[in-house]
Amino acid sequence: MDFLPHLRREIQEFETAARQVTDAPPVPSCPGWSMADLVMHLGGVHRGIVQLIVDKRQGFPDMSDLGFLKLPGDLSGWPDPARAPNLGPMPPGLCDWFAEGAAELAAVFAGRAADEPAWTWSAEQSVGFWLRMQTIEAAGHRWDAQLALGRPEPIDRELAADAVAQTFEVMVPARRAWTQAPPGAGESYLFRQSDGDGAWPVRFDGTAITSEAGDHTVEVTGTASDLMLFLWHRIGTDTLRITGERSLLDRYFVLVPPV
């Protein structure tokens, strides 16, 4: 899958949504954040990953030195992460700052091979990991930004299906490790795509996470976009079809807590 066109499109649509507001509204899917906070967050992530890849760092930039963010000298009215949600007017220049960092990130990805080594917090240590991860994050936050305006558009079907796969390949093990989630007791799920042929089984046994075909205690069916958004804690089950032991879905989010 060629992630770069998806990344560029999602970033552009995120920026378009952010530029439509004069006062930063709250973002319902990101409790405690306003649109300004969301722009600041994603822009900071982009610039941090640029420095990580370009400088071949073995970790994220030190937050005690914010030079990598390339912030303007005058931050009057800019969101303060310590005081979120920042609901005042969208500060002049914030979206321009975001666009500059996003363009730099896209250029870094365009100029490097996916298999080029790069530090990540996961087992896969490559630039390609960050391209995939940041494309998915951009899509999720684009949806968040559009939701704040009251008109979220679904995630592209191909990208959303890959995001569901990436959830089980990467995010589930990471979230369980980061949160010291409880051991599994044989809980078995099947997530099935209604607008394609994707099917993702997952079973939790102790600390092991396995994908195996066969009978499952609960099956969740929906569009790739809705499955992605559900697994990323953006939507509930209203648009999904649940068969089997429905109450086991509550257990899923104990086994895979949000972070």
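Because the structure is a prediction, the values reported are computed rather than measured.
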Between [X] and [Y], which heavy-atom pair has the shortest distance, and what is it?
X      : Y      : value
Met90  : Ala18  : CE-O, 3.8 Å
Ser126 : Ala114 : CB-O, 3.4 Å
Ala199 : Pro201 : O-CD, 3.6 Å
Leu105 : Val50  : CA-CG2, 3.6 Å
Ala36  : Pro79  : O-CG, 3.6 Å
Asp37  : Gly32  : OD2-O, 4.1 Å

Quick check for you: to the nearest 0.5 Å, what is the distance between [X] atom [atom1] and [Y] atom [atom2]?
X      : Y      : atom1 : atom2 : answer
Phe129 : Thr120 : CZ    : OG1   : 4.5 Å
Ile136 : Asp162 : CD1   : CG    : 5.0 Å
Phe253 : Arg175 : CZ    : CZ    : 8.0 Å
Ser188 : Leu248 : OG    : CG    : 8.5 Å
Thr217 : Leu190 : OG1   : CG    : 11.0 Å
Met228 : Thr223 : CE    : OG1   : 11.0 Å

Are the side chains of [X] and [Y] in touch, meaning some heavy atoms are under 4.5 Å apart?
X      : Y      : result
Gln134 : Phe3   : no
Ile242 : Leu249 : yes
Thr210 : Phe204 : no
Leu71  : Met40  : yes
Met133 : Gln166 : yes
Thr179 : Val259 : yes
Tyr189 : His216 : no
Lys70  : Arg47  : yes

Examine [X] and [Y] and state if one hydrophobic cluster contains both, with Ile, Leu, Val, Met, Phe, Trp and Tyr joined whenever side-chain heavy atoms are less than 4.5 Å apart.
X      : Y      : answer
Leu149 : Leu87  : no
Leu231 : Val254 : no
Val218 : Val172 : yes

Ring centers of [X], [Y] separated by less than 6.0 Å:
X      : Y      : answer
Trp178 : Trp121 : yes
Trp130 : Phe60  : yes
Phe14  : Phe98  : yes

Residues that Ala224 engages under side chain to side chain contact (heavy atoms under 4.5 Å, CB included), provided they are two or more places apart: Arg157, Ala160, Ala161, Gln193, Asp195
Start with the C-alpha gap between Ile209 and Arg203, add the side-chain angles, then the distance that decides, and say whether side-chain contact (heavy atoms from CB on, under 4.5 Å) holds. CA-CA 6 Å; Ile209 306 163; Arg203 180 184 175 92; over 6 Å; no
Looking only at side chains, do Arg57 and Gln51 share a donor and an acceptor under 3.5 Å apart? yes
Residue pair His6 / Thr135, side-chain donor-acceptor N/O under 3.5 Å: no
Donor-acceptor contact below 3.5 Å, side chain [X] vs main chain [Y]:
X      : Y      : answer
Ser34  : Asn86  : yes
Arg176 : Pro182 : yes
Thr237 : Leu240 : no
Gln125 : Ser122 : yes
Arg142 : Glu153 : yes
Glu219 : Thr243 : no
Ser225 : Ile155 : yes
Glu187 : Ala185 : yes
Arg234 : Trp232 : yes
Arg192 : Gly222 : no

Verify the neighbour count for atom CG of Asp197: are there more than 12 heavy atoms of other residues, nucleotides or ligands below 6.0 Å? no
Residue Asp55 excluded, over 12 heavy atoms near CG under 6.0 Å: yes
Begin with the C-alpha distance, continue with both residues' side-chain angles, and end with the deciding distance and a verdict on salt bridge (Lys or Arg N to Asp or Glu O under 4.0 Å) for Arg251 and Glu245. CA-CA 11 Å; Arg251 176 66 177 169; Glu245 191 176 330; over 6 Å; no
Quick one: is the NZ or CZ of Arg83 closer than 6.0 Å to the six-membered ring centre of Trp33, and within 45° of its axis? no
side-chain hydrogen bond (donor to acceptor under 3.5 Å, both in side chains) assessment of Glu137 paired with His41: CA-CA 11 Å; Glu137 184 169 359; His41 161 74; 3.2 Å; yes
Using side-chain contact (heavy atoms from CB on, under 4.5 Å), reason through Leu147 and Val27 one step at a time and then give a plain yes or no. CA-CA 7 Å; Leu147 179 67; Val27 181; 5.8 Å; no
Between Glu116 and Lys56, does any side-chain N to carboxylate O distance fall below 4.0 Å? yes
Could you work out, with ring pair (Phe, Tyr, Trp, His ring centres under 6.0 Å) as the rule, every residue matching Phe191, not counting sequence neighbours? Phe168, Tyr252
Run the numbers on Trp78 and Trp97 for side-chain contact (heavy atoms from CB on, under 4.5 Å), then give the verdict. CA-CA 11 Å; Trp78 279 53; Trp97 170 84; 3.7 Å; yes
CA sep, side-chain torsions, deciding dist, call: Asp96, Leu94, side-chain contact (heavy atoms from CB on, under 4.5 Å): CA-CA 5 Å; Asp96 290 339; Leu94 179 60; over 6 Å; no
